[in-house]
Each structure stands twice: as structure tokens, then as C-alpha cells.
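For reference, the structure is listed below as C-alpha cells.
Below, read A as the first sequence line, B as the second, and so on, with proteins coming before strands; counting in each chain starts at 1.
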Number of protein chains: 4
Amino acid sequence: MTSKPTKAAAARKSEAKGSAQDEVPASNRAARAAERRAAIIEAALEEFIARGFAATRLDDIAKRAGVAKGTIYLHFKDKESMFEELVRLVIVPVVERLTKLPPPTGSVRDLVEVFASTFLREVANTRRGDLVRLIVAEGPRFPAVADFYYREVVQRGIGGMRALIELGIARGEIREKGLARFPQILVAPVLISVIWQSLFERHAPLDAQAMLRVHLDLIFGERRTT
Amino acid sequence: MTSKPTKAAAARKSEAKGSAQDEVPASNRAARAAERRAAIIEAALEEFIARGFAATRLDDIAKRAGVAKGTIYLHFKDKESMFEELVRLVIVPVVERLTKLPPPTGSVRDLVEVFASTFLREVANTRRGDLVRLIVAEGPRFPAVADFYYREVVQRGIGGMRALIELGIARGEIREKGLARFPQILVAPVLISVIWQSLFERHAPLDAQAMLRVHLDLIFGERRTT
Amino acid sequence: MTSKPTKAAAARKSEAKGSAQDEVPASNRAARAAERRAAIIEAALEEFIARGFAATRLDDIAKRAGVAKGTIYLHFKDKESMFEELVRLVIVPVVERLTKLPPPTGSVRDLVEVFASTFLREVANTRRGDLVRLIVAEGPRFPAVADFYYREVVQRGIGGMRALIELGIARGEIREKGLARFPQILVAPVLISVIWQSLFERHAPLDAQAMLRVHLDLIFGERRTT
Amino acid sequence: MTSKPTKAAAARKSEAKGSAQDEVPASNRAARAAERRAAIIEAALEEFIARGFAATRLDDIAKRAGVAKGTIYLHFKDKESMFEELVRLVIVPVVERLTKLPPPTGSVRDLVEVFASTFLREVANTRRGDLVRLIVAEGPRFPAVADFYYREVVQRGIGGMRALIELGIARGEIREKGLARFPQILVAPVLISVIWQSLFERHAPLDAQAMLRVHLDLIFGERRTT
DNA sequence: GATGAATGAGATTTCATTCAT
DNA sequence: GATGAATGAAATCTCATTCAT
């Protein structure tokens, strides 16, 4: 009923009991600590996503990570800071990967489409999509999280979108000039998909890719060839 | 720090002590009970929206409603059922009002615009908007709530949108035929606004009405005159 | 799941609504009150027996008796006194009936057998048997109840038994003279039956009458004819 | 008014602070936990006996055991399971000791007398006697407890008694053959004593040993020499 | 007299955090 | 560093008792 240790955690445990006399030199203390930390972070992410902040028990995180409850406090000050830090830890590498912009060759539509598809594939249908929902859910009670997310993700994202839109307008690919004022419109369907998946998928599955294409058709005009 | 009794609750209290300065002559027991129930519902809604389900304390709801803790249990079985019932109680009248369709005269765009503006005015910038965010936040842990919301709001809304879109396509107002498959696109910006308001408003205010107009321009083509 | 109003209670209720204009003169206020009181007593007895003192809810008693919770407080000071008074109210008439001794004609054995059979029939297999178990259960926490029960039932019972035993010894029906010091032995199997019924009947039914006969055979010597 | 920590608990506490004046050198964590568990069990037993299940407060158990309330939940799932487990924990060792049968040398009467005296000494006048009363009191609301008690104690006890009675009949020590059908009669006075002690001792003390001897005289015939 | 909505003290249970080992 | 038993504050929920109608 409650979460069980993952295979990784189990492995770590048996390893801890099996290799009694430290024959594994590579796995020194620091490395072990880092491993544990990573396990805690992953476990915490899963639990927070599944239950929300308040309903998540540190006990469950510890069990899932395969560590003792006290160990969590060696890595995080308390539950709140763990949550806030967690969001940062998960978001930062994603943002970093996305900011290595691929050079804007080809049409703007192609660019947007590739970008959005990647996003859908890598975010919408993964744990990270749920993280977005988690932030929406807990944001009001964690201004620090909302602020961080705004600064690191939303602001940059909006900026990037706007640049793309303006490029599209300049090149004549986009007719609706007002779009530059509201780049949010560009990503709206993506957010909708993320939310839809976690709330309504069992009632009516949603083909996010197809929806996205229709949306892009609206913006860029319908494609002659698909 | 914790919630205080609202003016309404205070009023009810002083009134109870004998001062009947308004035109309600005989506040019988049933009426009193109904009043209290309403106070509890309103208080609970505020608290749940502000803190989420798990972090809301019944103590605070009671205090805010101006009743004793035990009184809540005269009206609701437990915290969970209170939450679920609450969502129903708030949503039902909204849905009922919206289903009294105004006759579809004029252009589809006008219809959509009026409808969406009303929605933005009545939902997005009110407590009800936060309720939507609350449902997004708690839905995964309250399948009954998600189900209810899907059945009562989403399904009907999607159906209504689709009908409008098809009408628009038939009349030649909407060019993008794929839109009929994804009426979600039509409301996506509205949802975005709701979420934006509660998370990012202090960073960057969003003119939801203007964004909506741009979005409708995308769908219906730009207006000649504004 | 919880107790429902008995037929009597239902009758009283419908009667209360049905005979609106007091056409029933016999059922005046005082009579009504007495009726209610009786209903409360019966309901309370059932509930206390089924759940014990602490686990019994006044709510359930009221429901079962078909009265409002407040009404109970018109008849009893509080839950504790209700319990204590209840035991008295139920035991007194039983004791009164038993003290109208039938004249001691015939053999002592016959007397004891008739008496014990009557007791088994009227107490052991009825609600009153459970009352004995209830007193055993709650006695330590209700010294007043234990005292009353000792004074009214046990002491008299022991006295009566002793008189019978001495008569039996004098007449040569009973050989074991020590029995007069311990009349408890005479009733021990009856108490055993009462307890056995409520705890172990579903595991192994016990023929109390047969057991009693064997016990009397031990005391009076085996009968030549049965 | 409420229960106070026992001497044992107090001892454990002071010991915890460093004074180790006894021969237990290294009180490791597991041993400590076991100690606490034992303290909880003992405290709970006392409280349940004194007040019955429903009226016993976990707070008082904790105080008496000298632990925090939460600690109880490290050992028991909840109040109900604690009660059920408790009965098992106390009864099992008693049963185990009794099943190490002393070899049936000597007369059956001697055997029964030794056995019953032992029982009276070890059960009737100790906490364990009250446990029997507790089981009688709570049995109907704890079928699991009644079942366990029947299986482990009553059934075996009845079986053992029956074997003895049949031996007695075969050897000509017992005349009343019907007794083999109702071994309950053999133990009835013992149960009576247990109940009498806890309810009526202050009104009229009962010499259980003497009563037992009279009872055995009834069954085995009077002794020539005492 | 009768009602039953309201109360609030008090019970059980949970869980973040600490700390001796 | 790591552990996990222990803590106790705080949460949910119950229910005997009161009292305005």
C-alpha cells in the first residue's frame, strides 16, 4: 500500500551489507553520500507529485529512498526547504538543456514545432509534467517556488517565445501581430495537455501532438503538405 | 496569523444575541442551521483555496465560519466529504447558470466573445477561478472530484465549444477545420489566465481580456473594426 | 448499522402526528411521559448490554427510544445515574416476583429444581441474563451498582439458598454439610451458563438445563427415577 | 486521580539518565525497546482491567508506562489491536505453563485439588483473575478475543477436565457419570470466586480454597481425613 | 414538556523532528 | 555519517450536555 524501496535502493542496501570490508575503493564516503542524496531527491519528487506537499510523509520518502528518516536531515534542513530545493534541483538541468539553443535555421514554424514536440515528449508525458502541476498546486503556499519558477522558466520561456514570434512576424510566417504581446497563447495547449493528462486521461485521452499541430496551424496558417 | 471570523460571522453572532435590525423577522432554527451551513461552506472554500486540502485545519474553518468545531460535523461526515461536497456545491449553480444558453443570434465570434468575457469576469478573477486551480491541484488525490468536474463542467463545456466551432466552420467564420477536434484550444488561454493570476500576477500582470481577443483573432481572423 | 427505533417507538411517533387534536383522553400528558420513560429505559438497557457503559451513545439510546436526546435529561440526571437507576429499575421487579416464595411443600430438590428452572428460563436466556454479565463487567467501575446488586440480589439469594440447603441437610436430602457455608456452589452453574451463552455459544452450545440436573444430582444424590 | 508512573517506569527513567546500578551492562537499543514494550503492556493491562476497554485512555497508559503517547503506536497499530494483542500476550505464557502436565500419579482428586489450588493461587487472586473478568466483560464486543480465549483456554481446559473426570469415573473415584458431559461444573466455583473477589469482596469475603474443597467433596465424596 | 442544533472538552492518531548509539 | 526509536505538538473526530425555541 505504501511506497516500497526501489530497485536502486534495494541494491544500495544489499551492497551496504554485502561488501562488508570496503573492498570497493571507488565507492568512497563522498560518493555514497551523493548517491543517497540523489535517491532522496528522486524519492521525494515522486512522493510530492503523488500526494502534494502537506500529505507527503518523510517516512515514505525515506522508505522509498532506502535510507533512514534521520538521513534526510543530513541533506535538507526540513521538509519545506527540501521541497523548495527539490524543485530547483529538478528544474535547473532542464532549463540548462533548453537554453543551449539550436541555431534558428529553417522556418519559425519548424522551429516551434520541433521545440514543442521535444517538450511534449520530454515533459508532458513524464514526471516533469507532473512537476509543473505540482508547482501550480503548491505555488500559492510556496512563493519562493513560484518566484523561482517564474524567473527560471516562465520569464525565459516567455522571452524566447516572444523572440520567435517576432521573427515569425518579421518573416511573414505569422500574421497575427498581437501574438507578440501574449506568447502565453503559444504554450497554452501544452499546459492544457499536461493538466489534462493527470486529471482526465481516463475519461477521454487527448492526442497532445495532434492538438499542438492544429494550434500551430491556427498561428502559422494551414500547411499545404504534412 | 490564523483566520479570523468574517464580518458575516460576527454579524450572525451579534444578531443571535437579540439585536434584529434587519427585515428578517423570525429566524427559526432551520433557517439558522442553513445560515451556519452556508457560513461553513464559504469559510471552507476560502481555507481550502488558500492552503489546499491537506494543510487546511478544520479549526480554522470553524473559526472563520464563527461556529464550533463540532458543528462542522453536523453538516459534513468528515473533512474529505466536506471537500468533495464543497466542490459540488460551488460548481453546480455556476453550471446551471451557464446552461441557460442565450439564443445564438449574431456571429459565432460575438457569441464566443460574450461568453468568454462573461466567464473571465465571473470566474477568472473571482474565488471560482481559484477553485479551478484547487481542482487541478487536488484532482489526482480526489478522483471523485475530478470525475465530477469532468462530467459536469469539462464534458459539457467541450461539447458546447465543439457545437459552436462547427457552427463557425459551417458559416465560414472559422477556417481551421481541425479545431472541432480540439475545442480545448478555445479555452486554453482562459485556463492559462486563471493559473497565471494566482501564481505570477505579482511578477507580471496579464491582461486576460486582451489576450483572449488576440486568441479569437487567431481563430476567427482579425477583425476589421474593433 | 446503528440502532433503529423499535416498533413501539414508531407507533408512538406516528401517534403523535396522527392524533392531532387529542381525541385520546386516556393518553394524557403524564401517561405520555411515563411511556417515554419506559421506552428510554428499554432502549438504554439494550444499548448498555450490547456495548457496555462507556461505549454506549446517548444518541443511540434516544434514537432507539424514539425520543430526542434532550428528553433523556428530563428523566435522568446524566449518563451515569441513568445507568445506575436502570439497573435498579430492571432488577427490582424481578426480585419482587422471586420473593413471593411459593410455600415449601415437596422435597427440597424439587423446590430447587423448579426454582432454578424458572430462573434459567426467565433470566439465563433473556435480556436479564445479559444484565448479569453487564453488572459483572461494569461493577468495578460502578460500586453503587455492585453494592445495590449485592444487597438486593446476591445477599438475599445467598440467604435463601442457605435456608434451603439447611432444610435439605435437616431432611437428609443433602449429605454434604459444608454446602451450607457456600451456597454459591448451588448457583455457580447458572452463572456459568449465563456467561457461556454470551461468549461461547457459537463455538459450543451448552444445554444449561441438563447441566443443572447433573449438578443437582451431585448435591442431592442421583435420582432413582427421572 | 489519574494513573501515575509505576516504580518500574520511574526506575527505567532514572536508569536512562546514566545510573546503572544493576548487572545489565550494555542496554542497547533493542533491549530498551523491548523494555518499553513490556512496560506498555503491563500498564495497558492494569488500565484495561481497572476501567474496561472504552474508558481507558491511551494517555494514562503512556503515563503509567513512562513513555510518550506516540511510543505506543510504535508497538501497536491502534487501541483495539493493542487490547487484542495484550490478551494474547498475557494468556499464552500461562497456558504454556499449564500444559506442561505434571505426571498423573496419585488419586484424581489429589490431582484436581493440586491443580485447582495452584490455579486459585496463581490466577484467582492476581491480575490474571481480573483478566478473566475483563474478557467476560469485553468478549461480546471483541469476538476475536472471545474466540482466542475459547480456543486457547476454554477448549483445552474443558478437554483436560473431561479426561480427568473420565479417569476418575473409571477408577471409581467419581460416582456421578453425567459430570463427564459438563466439565464446566468442575471449574464453576473457581470462576465464581474470581468474579466474587472483584465485585463483592468488601461486602463478604469468600474463602475460595474452602469453597473449592466443599465442591470437590461433592464430586469425589467426603474425605475421611482432612 | 420536548426538541435537536450547537457546543467544546477530550479522545485517538499522525508525523516532523531530534538525538543517543 | 547513518540510524530509527522516541517524542509531543497538533490534527481529526466524538459525544455528553446545554438551552433557545
Structure string for DNA chain F in dot-bracket form, Watson-Crick and G-U at under 3.5 Å, | interchain: .||||||||||||||||||||

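Contact check for B:I40 versus B:F76: side-chain heavy atoms found under the 4.5 Å cut-off. The side-chain heavy atoms of A:D60 and A:R51, taken from C-beta on, include a pair separated by under 4.5 Å.
Atom P of nucleotide F:dA11 and atom NZ of B:K63 are separated by 9 Å, given to the nearest angstrom. At whole-Å resolution of the value, CD1 in A:I61 and P in E:dT17 are 11 Å apart. Spacing between atom CZ of D:F76 and atom P of F:dA5 amounts to 15 Å, rounded to whole angstrom units. When the P atom of E:dA6 is taken as reference, atom CD of B:E35 falls 10 Å away, rounded to whole Å.
Between C:R37 and E:dA2, a side-chain N or O to OP1/OP2 separation shorter than 4.0 Å is absent. Taking side-chain N and O atoms only, A:H75 has no distance below 4.0 Å to OP1 or OP2 of F:dG1. For C:R32 and E:dG1, the shortest distance from a side-chain N or O to OP1 or OP2 is not below 4.0 Å. Neither OP1 nor OP2 of E:dG4 sits under 4.0 Å from any side-chain N or O of B:R36.
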Chi angles and distances behind the side-chain contact (heavy atoms from CB on, under 4.5 Å) call for A:F48, A:K79: CA-CA 11 Å; A:F48 281 134; A:K79 198 183 171 190; 4.2 Å; yes

Pair B:L134-B:F83, side-chain contact (heavy atoms from CB on, under 4.5 Å): steps then yes or no: CA-CA 11 Å; B:L134 183 62; B:F83 180 70; 3.6 Å; yes

Criterion side-chain contact (heavy atoms from CB on, under 4.5 Å) on C:V67 and C:H75, from CA distance to verdict: CA-CA 12 Å; C:V67 303; C:H75 294 277; over 6 Å; no

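For D:A68, taking side-chain heavy atoms from C-beta onward, the closest of the listed nucleotides F:dA2, F:dG8, E:dT3 is F:dG8.
Ion pairing of D:E138 with D:R141 is present here, as a side-chain N (NZ or NE/NH1/NH2) and a carboxylate O approach within less than 4.0 Å.
Of all non-hydrogen atoms in D:A65 and D:A39, the two that sit nearest each other are CB-O, 3.6 Å. In terms of heavy-atom proximity, A:A44 sits nearest to A:M82 at CB-SD, 4.3 Å.
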Protein-to-nucleotide contact annotation, 5' to 3' order, nucleotides 11-16 of chain E [B base; S sugar-phosphate only; - none; under 4.0 Å, heavy atom]: SBBBSS

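Sequence order on DNA chain E of the closest nucleotides to C:A33 and B:I72 puts C:A33 first from the 5' end.
Under a 3.5 Å cut-off, the side chain of B:D59 and the backbone N or O of B:A62 do not form any donor-acceptor pair.
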